There are 2 protein chains.
Amino acid sequence: MALAAVRSGTPARQPRERGAGGQTQQSLKSAQTRARLIDATIRCIVKVGYANTTTPQVAAEAGLSRGAMLHHFENGQALIKAAIVELHEKRLRAFRRAADTDNHDTTALVRTQWRQLQKPAFVAFHELALAARTHPELARILQPLQVEFRDRFNSQAVALFPEWQDDIVGFNVAMTLSQTLLEGMAINLLTGAMDEAMVEPMLCLLEKQIREMNPAMHKGHAG
Amino acid sequence: MALAAVRSGTPARQPRERGAGGQTQQSLKSAQTRARLIDATIRCIVKVGYANTTTPQVAAEAGLSRGAMLHHFENGQALIKAAIVELHEKRLRAFRRAADTDNHDTTALVRTQWRQLQKPAFVAFHELALAARTHPELARILQPLQVEFRDRFNSQAVALFPEWQDDIVGFNVAMTLSQTLLEGMAINLLTGAMDEAMVEPMLCLLEKQIREMNPAMHKGHAG
DNA sequence: ACTCAAAAACATGCATGTTTGTTTTTCGTG
DNA sequence: CACGAAAAACAAACATGCATGTTTTTGAGT
């Protein structure tokens, strides 16, 4: 996809949004096609990696001609950018859903997070994140989202687990531990650096560790 | 670099090794040039990422013409393969050195491992490892090395820390925890998913955790 | 008739592998 | 010891393939 420098003029062609709910059938179809293209992009990134994701490939994956695709996005970069935003919103939605599901149980959060990291979305996101290391253009898009996710995660999570309220730094450490370890596991599984059999022990260990860090343990009943 | 399918004939041009220690000045210079090319490859991977590492770039980085470079390696793939092997041996050497330095201190091993992960070699290795996910050719080269490293690490480490001898599974968990968490941290630092300020707390936490898992803690003096 | 989605055709740039040519080192031989 | 052939290091030029962005053409819906 290359993401080659793109002259900053020529904004991407947007489907004209009719003001008050007035979507023409065309603009609706256009939106669907756009969504299909974004999905195809993510699927391609998962399948062949970001580096080998080409515009023809995405078009083929979406069942469209390249010309049609460039009609909607005009640019490889625009497509990637849209895919990144989509992945980011997926991540936010998943977290919100998780927070609603296992209410006020930090250890359940571990399992939920782990399940999230098994999904293809994480693979795509990591591909993009690593590519961004050497791609200023990509980094400019990704960095703010990373920060936003961290912030939202922290502020939402701390509100969700009142027993940690008095030890915010400890809470941050616990959350960072969970995220970092789980992501490390997910990546090491992808790259074959870790044995599948170690997953379950690690998850148990992490749960135990977080349980021990919980302030509620030290207040009510010492142990 | 693309790593495109390469017809399996045409072996790489090797410098003729004189039998009994008889290195001609040519073969010596050739070895030096090869080393320079491998180094240049790794530097390129770190600088621009594996995907954007091209043969002209490597040649330029090494201060050679592309023709000269293809004289030594014949192939982009051969170059990458050599770089992988080099990185693998670097990793083994580093581990061996670490094992010699901080003798019999598992917590010191944490710091040493962390220092290793800060080096550019790790970046290059991870770039290659992730690329291998979608590159059968690369995976065929990398996978055995991953396994070999894991094996050597485990067998060497268990011999190094006799106090763990009775709890090998616990030892494996501890080592996996250390490796996975540290790598997760390193990667999340690279991708900007983690705050630099969290590094020190995490390292301390990991050290403490490993100390508590150590069987010696429970035998001699409880607590 | 007009607009926009979709497709096709076109031109450019770059990385790759191949081929050919030039300089330097090695080694046998007179 | 010198000279010339062989081989290897190095360099440059060539042809191909593919991805990219641009432009033009077709077709469907309002």
Side-chain angles (χ1 to χ4, degrees), chain A residues 1-18 22-37 41 44 48-80 137, chain B residues 1-10 12-19 22-37 41 44 48-80 137:
Chain A
M1 193 74 77
L3 225 317
V6 134
R7 68 196 186 300
S8 38
T10 346
R13 181 162 351 276
Q14 293 282 25
R16 63 161 157 186
E17 297 272 336
R18 284 294 164 76
Q23 289 125 333
T24 91
Q25 292 178 15
Q26 273 189 349
S27 80
L28 218 151
K29 185 177 180 185
S30 177
Q32 287 176 344
T33 307
R34 279 177 68 93
R36 231 176 53 221
L37 280 167
T41 305
C44 270
V48 304
Y50 167 76
N52 307 324
T53 295
T54 70
T55 35
Q57 195 134 24
V58 172
E61 183 79 27
L64 254 65
S65 80
R66 213 174 73 89
M69 143 172 176
L70 266 86
H71 171 74
H72 286 278
F73 279 98
E74 165 142 34
N75 224 337
Q77 170 151 1
L79 201 54
I80 293 294
E137 306 266 351
Chain B
M1 193 75 78
L3 224 316
V6 134
R7 68 197 186 301
S8 39
T10 344
R13 180 160 355 276
Q14 292 283 22
R16 63 164 156 182
E17 295 272 336
R18 282 299 162 73
Q23 287 128 336
T24 92
Q25 291 177 18
Q26 273 190 349
S27 79
L28 225 163
K29 189 176 179 184
S30 176
Q32 286 176 346
T33 306
R34 278 176 70 94
R36 232 174 55 220
L37 279 168
T41 305
C44 272
V48 303
Y50 167 76
N52 307 323
T53 294
T54 69
T55 35
Q57 196 135 20
V58 171
E61 183 80 27
L64 254 65
S65 80
R66 210 175 73 90
M69 143 172 176
L70 266 87
H71 170 73
H72 286 278
F73 279 97
E74 166 144 32
N75 222 339
Q77 169 151 1
L79 202 52
I80 293 293
E137 305 265 354

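What you see is a predicted model; the values in this text were computed from it and never measured. Chain naming here is simple, since letters A, B, ... match the order of the sequence lines and numbering starts at 1 in each.
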### Partners meeting side-chain contact (heavy atoms from CB on, under 4.5 Å) with B:Q57 (sequence neighbours left out)
B:C44, B:V48, B:T54
### side-chain contact (heavy atoms from CB on, under 4.5 Å) partners of A:A68, counting only residues at least two apart
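Once residues adjacent in sequence are excluded, the partners of A:A68 under the side-chain contact (heavy atoms from CB on, under 4.5 Å) criterion are A:L64, A:S65.
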Separation of [N] [atom2] from [X] [atom1] (nearest whole Å):
X	N	atom1	atom2	result
A:Y50	D:dA19	OH	P	15 Å
B:L37	D:dA9	CG	P	12 Å
A:F73	C:dA6	CZ	P	12 Å
A:R34	C:dA5	CZ	C1'	13 Å
A:Q32	C:dA6	CD	C1'	16 Å
B:N52	D:dA19	CG	P	15 Å
A:L70	D:dT24	CG	P	16 Å
B:L64	D:dA9	CG	C1'	9 Å

Closest to the [X] side chain, choosing from [options]:
X	options	answer
A:R66	D:dC10, C:dA6, C:dA9	C:dA9
A:S65	D:dG21, C:dA7, D:dC10	C:dA7
B:H71	C:dA6, D:dA9, D:dC10	D:dA9
A:N75	C:dA15, D:dA11, D:dG21	D:dG21
B:A68	C:dA7, D:dA11, C:dA15	D:dA11

### Query
Side-chain contact, heavy-atom cut-off 4.5 Å: A:R66 with A:V58?
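No; the side chains remain at least 4.5 Å from each other.
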### Query
Are any non-hydrogen side-chain atoms of A:M69 and A:L79 less than 4.5 angstrom apart?
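Yes, close enough: below the 4.5 Å cut-off.
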### Task
Check whether any side-chain nitrogen or oxygen of B:H72 sits under 4.0 Å from OP1 or OP2 of D:dC10, and answer yes or no.
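Answer yes for this pair, as a side-chain N or O of B:H72 is under 4.0 Å from OP1 or OP2.
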### Task
Please state whether the phosphate of D:dC10, meaning OP1 or OP2, lies under 4.0 angstrom from any side-chain nitrogen or oxygen of B:T33.
yes
### Summary
Correct closest heavy-atom pair for A:H72 and A:R34 would be O-NH1, 3.3 Å
